[in-house]
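Taking it in order: structure first as structure tokens, then the write-up.
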Amino acid sequence: MSIAASTSTDKIIVDKSRSHRNKAVSKTVRATRQRLQTGSSAPSGFEREMLLLHIESVLHGAMALPLLVILIAASGIYLSGDPHILAWALLALSAHAVTIFLARKAKREDVVTEKVSVWRRRFLAGQMLTGLCWAIFTLPDCASCGEIASGLFEGTVLFIALAVTAMGTFLLRNALYYTFLPVLAALGFSSLRTGDAVDIGLTGILALSLVFLAFMTDRMNRANVHILSVQSEKDDLIAELEVAKSMSDEARRRAEEANLAKSRFLASMSHELRTPLNAILGFSEVMSTEVLGPLSNPTYKEYTLDIHRSGEHLLNLINEILDLSRIEAGKYELSEDAVNLAEIVEDCIGMVQLRARGKNITIGHQFEQAMPSVWADEKAMRQVTLNLLSNAVKFTPSGGEVSVKVGWTAGGGQYLSIRDNGPGIPEEEIPIVLSAFGQGSIAIKSAEQGTGLGLPIVQAILAKHGGQFILRSKLREGTEAIAILPPRRVLQSLPPVEDVPSLTRRRRSFA
């Protein structure tokens, strides 16, 4: 069975034809999700974010390298007394000033995505300039310090500089190589020129340290990329939640409007249709019973009977729609009292007995004896019983049989079972029959078509009582409808209180 999608605005809660107020947010969410799906763990996915973090790191740690350079210069002058180290210190501070200038300019101009690669090359060039300063530091020899002391001082300074650079530039990929490859080149050239074992050892250890720290900074860089990825996914989730909340608010608003329109329509229909229906039913009944005189034409009398039946059918339809609307809106209140289920069923059988005899249908009943009362709404239970009995009589063919049972459930509740030997319902159509305005193929082909609201009303009334409705059917074998009331609805009678002899008061004795 094909189901066509309706495009009418009264059935669509969210009007997708209109531009949504969070369209920009939705567009950002889709773009970010696509970027994350193409490679959220790739370092190139967050180049701009990583560059901005590096700029912040450079600006916050702007005084670290100058303090280190000043300390190194002071120590060098103290050990060697060579004033040339001051020139190196000024050169190193100048290179560092270039990096600070680049960082401030980048922050002031607000780096855009298209200029990320340009600014990254600029910062790498600044790091290479700093590396050249460290390479110059390795060139002079301290003759007055001795070979070993000079090598120890030089190696200590380079290792500290390597560690500081690694910690300060791990957000900028390959910055460590750009800074210390010139230093390694200078040390290697010096080792090959002099053949000094100290220079060779220092070059080897510094190379291994550079590789190790480069590996660790790369891991730290990837860890920061992962953190940014998680944060981006969190922001995307927040944006999606905002969009979903906005759509939910829109859906709720439209649902409230639709519900208000439905309530107004039902109230108007109840007033506008019931008023003329009362006149139609009354006048047609007067004419059919010929209260004011005989009708000269017998066909007119048949017409009045048809008008009366049609009016009753329309009135029942209105009442069922209103009942279902009150139930769905939560306005259906139960007027509960102690009632006997078997007596209600027996009365309802008497109401449909005449119609059953007209179709030559036998209604058999089997009630459990001495069943206690139940705490339920009598009017609602009558409506449940009449709806089930009417369906059974309606769809049972002439000469059929309807069996009605009232008894105990296994859990201590009470049940009503109505079974017929009619055509039955296909198993795949039972959910359709239990839905509002749903009708099976047998009901559609039948001459006695209903509104499709009887069984949904029965199901809703039993749910209000905390009960259960079960519909069992097999094609060409019949249908059984079972209405179950829970054990807590059964009013058990208490045993009589036995008389017990009163206690005699014991006299107190005083010494």
Side-chain angles (χ1 to χ4, degrees), residues 323 327 332 334-397 399-425 430 433-434 454-474 477-498:
D323 287 341
I327 292 172
Y332 191 90
L334 297 178
S335 178
E336 298 169 312
D337 199 357
V339 296
N340 191 287
L341 184 59
E343 293 178 359
I344 294 176
V345 175
E346 191 173 3
D347 292 343
C348 294
I349 291 176
M351 294 180 186
V352 299
Q353 190 72 45
L354 184 62
R355 185 178 178 186
R357 288 175 183 173
K359 294 181 65 175
N360 196 22
I361 295 175
T362 304
I363 300 180
H365 61 275
Q366 181 182 352
F367 301 155
E368 292 281 349
Q369 298 297 323
M371 294 188 65
S373 300
V374 293
W375 189 255
D377 188 335
E378 182 177 0
K379 180 183 176 182
M381 294 310 300
R382 285 184 183 274
Q383 187 175 4
V384 168
T385 307
L386 285 175
N387 284 355
L388 298 180
L389 280 173
S390 300
N391 282 343
V393 173
K394 182 191 301 183
F395 296 107
T396 301
E401 182 180 356
V402 176
S403 175
V404 181
K405 294 182 180 180
V406 177
W408 293 96
T409 63
Q414 294 186 12
Y415 75 91
L416 163 65
S417 171
I418 299 177
R419 183 181 181 87
D420 63 70
N421 57 354
I425 306 171
I430 291 180
V433 172
L434 293 177
L455 293 182
I457 290 176
V458 168
Q459 198 172 16
I461 290 176
L462 290 174
K464 292 285 287 185
H465 284 82
Q468 186 181 5
F469 178 66
I470 301 174
L471 185 64
R472 299 171 180 167
S473 183
K474 288 186 179 181
E477 291 187 11
T479 304
E480 182 181 11
I482 304 174
I484 301 175
L485 291 176
R488 67 174 181 272
R489 290 277 174 180
V490 179
L491 302 177
Q492 298 288 354
S493 58
L494 296 176
V497 180
E498 298 181 358

Worksheet item: With side chains defined as the heavy atoms from C-beta onward, is the minimum distance between M371 and L341 less than 4.5 Å?
Response: no
Discussion item. Donor-acceptor check, side chain of K359 to backbone of K394, threshold 3.5 angstrom: yes or no?
Written reply: yes
Practice prompt. For the residue pair Q383 and N387, establish whether any side-chain heavy-atom pair is separated by less than 4.5 Å.
Written response: yes
Worksheet item: Where do L389 and M351 land on the side-chain contact (heavy atoms from CB on, under 4.5 Å) test, with the steps shown first?
Response: CA-CA 10 Å; L389 280 173; M351 294 180 186; over 6 Å; no
Item to complete: Provide the closest heavy-atom pair for P486 versus G467 in the form atom of the first, atom of the second, distance.
Response: CD-CA, 3.8 Å
Fill in: Heavy-atom closest contact (G424 atom, T479 atom, distance)
CA-OG1, 3.5 Å
Worksheet item: Can you name the closest pair of heavy atoms from A380 and I461 and give their distance?
Response: CB-CG2, 3.6 Å
Worksheet item: Does the H365 side chain pair with the main chain of V406, one donor and one acceptor, at a distance under 3.5 Å?
Response: no
Worksheet entry | Gap separating the CD atom of E346 from the CG atom of N340, nearest 0.5 angstrom | 9.5 Å
Practice prompt. Could you tell me the separation between the CD atom of E343 and the CZ atom of F367, rounded to the nearest 0.5 Å?
Written response: 10.0 Å
Fill in: Side-chain donor or acceptor of D420 paired with backbone N/O of G478 under 3.5 Å
no
Worksheet item: Which heavy-atom pair separates Y415 from W408 by the least distance, and what is that distance?
Response: CE2-O, 3.3 Å
Item to complete: Of all the heavy-atom pairs spanning L388 and L455, show the shortest one and how long it is.
Response: CD2-CD2, 3.8 Å
Response to the item:
To the nearest 0.5 Å, atom CD1 of I484 lies from atom CZ of F469 at 10.0 Å
Worksheet item: Side chains of V402 and I418: closer than 4.5 Å at any heavy-atom pair?
Response: yes
Worksheet entry | Validation row: R488, W375 side chains within 4.5 angstrom (heavy atoms) | no
Practice prompt. Verify, without hydrogens or angle tests, whether S473 (side chain) and E480 (backbone) share a donor-acceptor contact under 3.5 angstrom.
Written response: no
Fill in: N421 side-chain N/O to G400 backbone N/O, donor-acceptor pair under 3.5 Å
no
Practice prompt. Check whether more than 12 heavy atoms from other residues, nucleotides or ligands sit under 6.0 Å from atom CZ of R472, and answer yes or no.
Written response: no
Worksheet entry | Nearest-0.5 Å distance that lies between atom CD in E378 and atom CG in D337 | 7.5 Å
Worksheet item: Looking at L334 and K464, what are the two nearest heavy atoms and their distance?
Response: CD1-O, 3.7 Å
Practice prompt. Starting at CD of Q353, measure out to CD1 of I361 and round the result to the nearest 0.5 Å.
Written response: 10.0 Å
Practice prompt. Mark yes or no for whether R489, through its side chain, and H465, through its backbone, hold a donor-acceptor pair below 3.5 Å.
Written response: yes
Practice prompt. Working to the nearest 0.5 Å, report the span between OG1 of T396 and CG of N360.
Written response: 12.0 Å
Practice prompt. May I ask you to test the L416-V404 pair for a side-chain heavy-atom distance under 4.5 Å?
Written response: yes
Discussion item. Side chains of L491 and P372, heavy atoms from C-beta outward: is any pair under 4.5 Å?
Written reply: no
